[in-house]
There are 2 protein chains.
Amino acid sequence: MAATLKDIAREVGVSVTTVSRALAGYHDVAAGTKERIEETAVRLGYSPNITARRLQKQRTDTLGFIMPTFGPRFSDPFFSEFIAGIGNKAADHDYDLLVSTHAPDSEGEWQAYLQAARRGWVDGLIVVRTRENDSRIQLLCDHRFPFVAFGRTSNVCDFPYVDEDSAAGMQLLVQHFIDLGHERIGLIAPPPGLMFGRYRLQSFYNTMAENNLPVQPDWIVTGDMTQRGGAEAVKALLALDPRPTAIIGGNDLMAIGAINRIQQHGFKVGVDIAVGGFDDIPLSAYMTPPLTTIHQPIYEIGQQTCAMLIDIVNGRSPQNPHTLLTPTLIIRESSGTAIKQPFKEVSAFKNNPNKLTDRKPVNFSNNMTQ
Amino acid sequence: MAATLKDIAREVGVSVTTVSRALAGYHDVAAGTKERIEETAVRLGYSPNITARRLQKQRTDTLGFIMPTFGPRFSDPFFSEFIAGIGNKAADHDYDLLVSTHAPDSEGEWQAYLQAARRGWVDGLIVVRTRENDSRIQLLCDHRFPFVAFGRTSNVCDFPYVDEDSAAGMQLLVQHFIDLGHERIGLIAPPPGLMFGRYRLQSFYNTMAENNLPVQPDWIVTGDMTQRGGAEAVKALLALDPRPTAIIGGNDLMAIGAINRIQQHGFKVGVDIAVGGFDDIPLSAYMTPPLTTIHQPIYEIGQQTCAMLIDIVNGRSPQNPHTLLTPTLIIRESSGTAIKQPFKEVSAFKNNPNKLTDRKPVNFSNNMTQ
DNA sequence: GTTGACATCCGAAACGTTTTGGAATATACT
DNA sequence: AGTATATTCCAAAACGTTTCGGATGTCAAC
């Protein structure tokens, strides 16, 4: 149906080679012939067969993204923004984006990575929501398959990644609450196994310790990253006596769920109980009260991840294969104002972002690495 | 690097043809040879080169989805859920999903559709957010390229689609408010040009008219489908005198933005002003107050759209190429309770869902069709 | 001993492109 | 006239798969 090089060649009266080279812009074809070829090409509505080209060039010009979808009713604003980021960057460089959806840690997901690692499906892969001792990353490392991760992991192999400094973010948030006078701070932690959850949890402990504040085990509950999970998890926190005066959601979705439940219990968020989130999804600014949170530039992270991957599949080594982005604290009303004591002057440390960028990675104790 | 049929053939001592046929399960290869071939295949870690297979079979086994992304900070929960729906269904049928991101109505978007229509890139396309007189759909129709749309359009050509009966949804919502005693109802309409926005707007007018309620032009404002847009747009509504007693957001995101702004003005949503949304995104249940809205089963719509497309690219004609889904009203607290007059008994009409399913398409006046 | 049926295998073409390594012709320089 | 140099073109191979149309051999039936 569609016109091929052969069609043009027959029409113009030259060889397929010449047509190919004319269209590719080589300089060994006469101006006149080139013109006739080009004219015929548009007249016949020629467009190259990408599959044939791929077979010949032995590369797909396609990047893969295996999306971890949790359950059928899956709706996480993170993903639409992230896909927009990688998709646009990929398009800039004439790459296609192949998206595959699988439940995390499922058989199907594993098969998808296996297939990808055997080559020929995509040129490179983007991995998100890294897990502790991530078998996907191990597989790709073992096969030396090109990929870039959004997030680090505890695996030993060295690989390129873009990540947000979750520990620094959590420190900003916890310190913010402490500076406001809070001493009993609850945390709705991301599920164990998720790497960024580990950083956030550990940094929560660290920051409390740095401020000489004890942490009751009861103050830490786990949620499943959805607003529903946040609403469920916060119940245990509200039942405590004494109750935490501030609650941090492991992500914005859980914080929003928590706010909902807290308000249902008749408390005023930002007055009776302070709440903070993590991610700064666009909706967080439109909650009542607006949510204090840690900003993550998801779109840019998607772009950087994709750009790095494109470098790698083209054999260029990326300028910064271990990119760590410094998060910023967005203070809104949900964290309220100072309690029990006058509002303290923010410390010099908090006002110096470099201090935060340069901070060494949190050193996990061995029993946590298991 | 990766093993090919030729490698196996050389190893086993048979022809490429035999290897191919053995692996494909043909019955004209001896049991013994087949066994040796299979053993060698796994030993060499053979996996077929998809590109070569595609070239030979002249089909890509890939479906395309060109995602209309609005601006860099793009985050719409609709898309992650929709992609999960089509992605999972596609995977069930061994199809890949190629995702491309482009700003709606941009040059890049048009190029992407052009490229797709010329064949060879993907076997079929999924089109969302249909527009009035949609040039994308016209293009695909003209080229007889296989596609399924989520949403209808005003184009003359006949094409397969899945859509939600937005008009029925809006009627449910408006009637709900009217039954509660509201007479001045404001609407934050989706931007003109979006097809579902047109249905919703028209149905708003129709339902008001059916109830003999006048509509002031001031009561209709337009928003850009984001929470930000909703917050902006509602300002004009709040400045009105007399103010509308109920406000409907053209989608949940705008309704949430509106709620935020309304509360900032010191009004109590669900008491001073009733608010309704459209879509029932997961977050809507966790607003304060929870949002009354029209449920759209996005995930299922994605699945149905994809299933229909797979039928089509395989030459099967889908059982119901014009699927219209009946929406349901989810009543939550944001719409409040009856005002000014006792809560009326719900009419027989409202209680009979079939009545709604069977309702004829709204008849647009000609001057609107332009 | 011919015939036909069956089981098992394979050569070659095809899908549409790119690229290698010249070939043919014309032009310029000694 | 002979040699070098450009210019313009192309045949053929290659990428890895599937499939068409036999080819070969074996065995039973006539």
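Because only heavy atoms are used, hydrogens play no part in the values below, and waters and symmetry mates are left out as well, while side chains stay in.
To the nearest angstrom, P of dG11(C) lies 13 Å from NZ of Lys6(B).
The ring-ring contact (aromatic ring centres under 6.0 Å, His included) contacts involving residues 117-138 of chain A comprise nothing, where partners must be two or more places apart or lie in separate chains. Legend: ring-ring contact (aromatic ring centres under 6.0 Å, His included) pairs involving residues 79-118 of chain A, not counting sequence neighbours, sorted by first then second residue: Phe65(A)-Phe82(A), Phe74(A)-Phe79(A), Phe78(A)-Phe82(A), Phe82(A)-Phe150(A).
Taking a cutoff of 4.0 Å between a charged side-chain nitrogen and a carboxylate oxygen, Arg131(A) and Glu109(A) qualify as a salt bridge. Residues Arg59(A) and Asp61(A) are paired through a salt bridge, judged by an N-O separation under 4.0 Å between the basic side chain and the carboxylate.
A donor-acceptor pair is defined here as one N or O able to donate and one able to accept, closer than 3.5 Å; no such pair exists between the side chain of His322(B) and the backbone of Asp163(B). In terms of modelled atom types and a separation under 3.5 Å, the side chain of Asn314(B) and the main chain of Arg316(B) share no donor-acceptor contact.
Listed by residue number, Thr17(A), Ser20(A), Arg21(A), Tyr26(A) are the residues of residues 17-37 of chain A with a heavy-atom contact under 4.0 Å to DNA chain C.
Among residues two or more places apart in sequence or in another chain, the side chain to side chain contact (heavy atoms under 4.5 Å, CB included) test is passed with Val16(B) by Leu5(B), Lys6(B), Ala9(B). Remark: Tyr46(B) engages no residue in a ring-ring contact (aromatic ring centres under 6.0 Å, His included) (not counting sequence neighbours).
If you walk DNA chain D from 5' to 3' and mark each nucleotide with an atom closer than 4.0 Å to a heavy atom of chain A, the marks span dT8(D) to dG16(D).
For the pair Ser15(B) and Leu5(A), both in contact range of DNA chain C, the more 5′-proximal nearest nucleotide belongs to Ser15(B).
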